[in-house]
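All values reported here derive from a predicted model rather than from experimental measurement.
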Amino acid sequence: MDRNASKEGQPVPSATFKTRVRDDSVGGDNPFRWQDLTTEELFAGKRVVVFSLPGAFTPTCSNEQCPAYERYFDDFAAAGVDEVVCIAVNDAFVMHQWKQKLGVQRIRFVPDGSGHFTRAMGMMVNKDHLGFGERSWRYSMVVDDGVIRAFFEEPGRNDEGTDEDPYEVSDPETVLRWLTTHPRG
């Protein structure tokens, strides 16, 4: 997907996420196994709100964005959303620990450890100035059955670190306003 092209009306790019799922048959202190999750499985037949952010355990992501989406979960469900998903360029282990630390119960955390999905979305940025390497620019979107219906990208996307990590339009309130005027149909 072109970094500057309009994403609305386009299908989400095909990607496979490397996830970990609990499996008590594994035993031990870490009863999890690897399980691939494709974008087709994640989005098929559902209305999904996705928000993506620069990284787990970072201040804005941990203190504002994730808690806000968790707080508004019932409002999203009432607006016809089947699932709320957080995607970050972090591995499955980091995403799991971050979700545990935040106490988030209703948002699905999806690891994009190698950044394949983020890169295909055209949303990968260089955060070397922070020692992060490549990460996602902050955005949110509404996906209906694999097609992007609304896309909210934070202003000032760049690779030089000239931003102040904006969090103005990818917030849950903006997404909810869009959902109220665009019911599922």
Side-chain angles (χ1 to χ4, degrees), residues 1 3-10 12-13 17 39 42-43 46-90 94-95 98-112 115 117-127 130 132 134-144 146-159 161-184:
M1 199 172 285
R3 183 171 170 153
N4 296 313
S6 172
K7 292 171 181 28
E8 293 176 0
Q10 300 295 315
V12 293
F17 302 101
T39 49
L42 185 58
F43 297 113
K46 298 184 280 187
R47 175 170 261 194
V48 180
V49 167
V50 175
F51 64 100
S52 190
L53 39 79
F57 294 100
T58 57
T60 302
C61 306
S62 297
N63 299 333
E64 296 178 42
Q65 197 167 17
C66 287
Y69 273 91
E70 179 83 356
R71 275 193 315 274
Y72 282 103
F73 185 87
D74 290 335
D75 297 298
F76 284 120
V81 171
D82 298 302
E83 193 164 22
V84 177
V85 175
C86 173
I87 298 176
V89 182
N90 289 111
V94 169
M95 292 293 279
W98 186 39
K99 182 175 181 174
Q100 297 300 327
K101 171 84 169 141
L102 291 176
V104 171
Q105 300 289 319
R106 303 188 285 177
I107 298 169
R108 184 176 195 172
F109 279 43
V110 176
D112 187 20
F117 179 77
T118 300
R119 195 170 287 106
M121 283 291 299
M123 296 305 291
M124 190 70 83
V125 293
N126 185 330
K127 292 278 189 179
L130 297 174
F132 287 3
E134 291 187 312
R135 295 297 178 104
S136 179
W137 187 252
R138 194 181 307 278
Y139 70 91
S140 60
M141 63 181 171
V142 177
V143 179
D144 282 333
V147 176
I148 300 167
R149 294 296 177 209
F151 193 81
F152 309 97
E153 177 183 335
E154 292 298 336
R157 180 174 36 154
N158 68 87
D159 289 321
T162 57
D163 61 90
E164 295 296 322
D165 190 25
Y167 178 52
E168 302 165 12
V169 298
S170 63
D171 59 301
E173 296 90 349
T174 299
V175 177
L176 280 166
R177 279 192 298 275
W178 185 90
L179 288 166
T180 59
T181 60
H182 298 83
R184 192 173 187 173

Tell me, yes or no, whether the heavy-atom count around Lys46 atom NZ, taken from other residues, nucleotides or ligands under 6.0 Å, exceeds 12.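 Yes.
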Would the number of heavy atoms belonging to other residues, nucleotides or ligands and lying under 6.0 Å from CD of Glu164 be above 12?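 No, not enclosed.
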Angle between ring planes, Phe76 versus Tyr69, binned at 30° and 60°: parallel, tilted or perpendicular?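 Judged by the thresholds at 30° and 60°, the geometry between Phe76 and Tyr69 is parallel.
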Do the ring planes of Trp178 and His182 sit parallel (below 30°), tilted (30 to 60°) or perpendicular (above 60°)?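 Parallel.
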Taking Glu154 for its side chain and Trp137 for its backbone only, find out whether a donor-acceptor pair lies under 3.5 Å.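 Side chain of Glu154 to backbone of Trp137: no pair is present.
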Of the non-hydrogen atoms in [X] and [Y], which two are nearest, and what is the gap between them?
X      : Y      : value
Pro13  : Ala120 : CB-CB, 3.4 Å
Ser140 : Val169 : OG-O, 4.1 Å
Val125 : Arg157 : CG1-CG, 3.6 Å
Arg135 : Asn90  : NH1-ND2, 3.7 Å
Arg149 : Gly9   : NH1-CA, 4.4 Å

Sequence neighbours left out, what passes side chain to side chain contact (heavy atoms under 4.5 Å, CB included) with [X]? Give chain and number order.
X      : answer
Ala77  : none
Asp165 : Pro54, Thr60, Arg138, Asp163
Phe73  : Val84, Arg106

In this structure, which one of Val175, Leu179, Thr180, Leu176 forms a side-chain contact (heavy atoms from CB on, under 4.5 Å) with Asp75?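 Exactly one candidate clears the test, Leu176.
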Distance in Å, [X] [atom1] paired with [Y] [atom2], rounded so as to fall on 0.5 Å steps:
X      : Y     : atom1 : atom2 : answer
Met124 : Ser52 : CE    : OG    : 9.0 Å
Glu64  : Thr58 : CD    : OG1   : 10.5 Å
Gln105 : Lys99 : CD    : NZ    : 7.5 Å
Glu153 : Lys7  : CD    : NZ    : 6.5 Å

What residues, two or more places apart in sequence or in another chain, satisfy salt bridge (Lys or Arg N to Asp or Glu O under 4.0 Å) together with Glu8?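 Salt bridge (Lys or Arg N to Asp or Glu O under 4.0 Å) check on Glu8 returns nothing, list empty.
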Please name all residues satisfying side-chain hydrogen bond (donor to acceptor under 3.5 Å, both in side chains) with Tyr139, sequence neighbours left out, ordered by chain then number.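 Scan of Tyr139 (side-chain hydrogen bond (donor to acceptor under 3.5 Å, both in side chains), adjacent residues dropped) gives none.
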Does any pair with a residue in residues 48-61 pass salt bridge (charged side-chain N to carboxylate O under 4.0 Å, His left out), and if so which ones, sequence neighbours excluded?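 The answer is none; no pair qualifies.
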In sequence, state the C-alpha distance, the side-chain angles, and the governing distance for Met121 and Val50, and then conclude on side chain to side chain contact (heavy atoms under 4.5 Å, CB included). CA-CA 12 Å; Met121 283 291 299; Val50 175; over 6 Å; no
Strictly below 4.0 Å, N to O, side chains only: are Arg47 and Asp144 in salt-bridge contact?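 Answer for the salt bridge query: yes.
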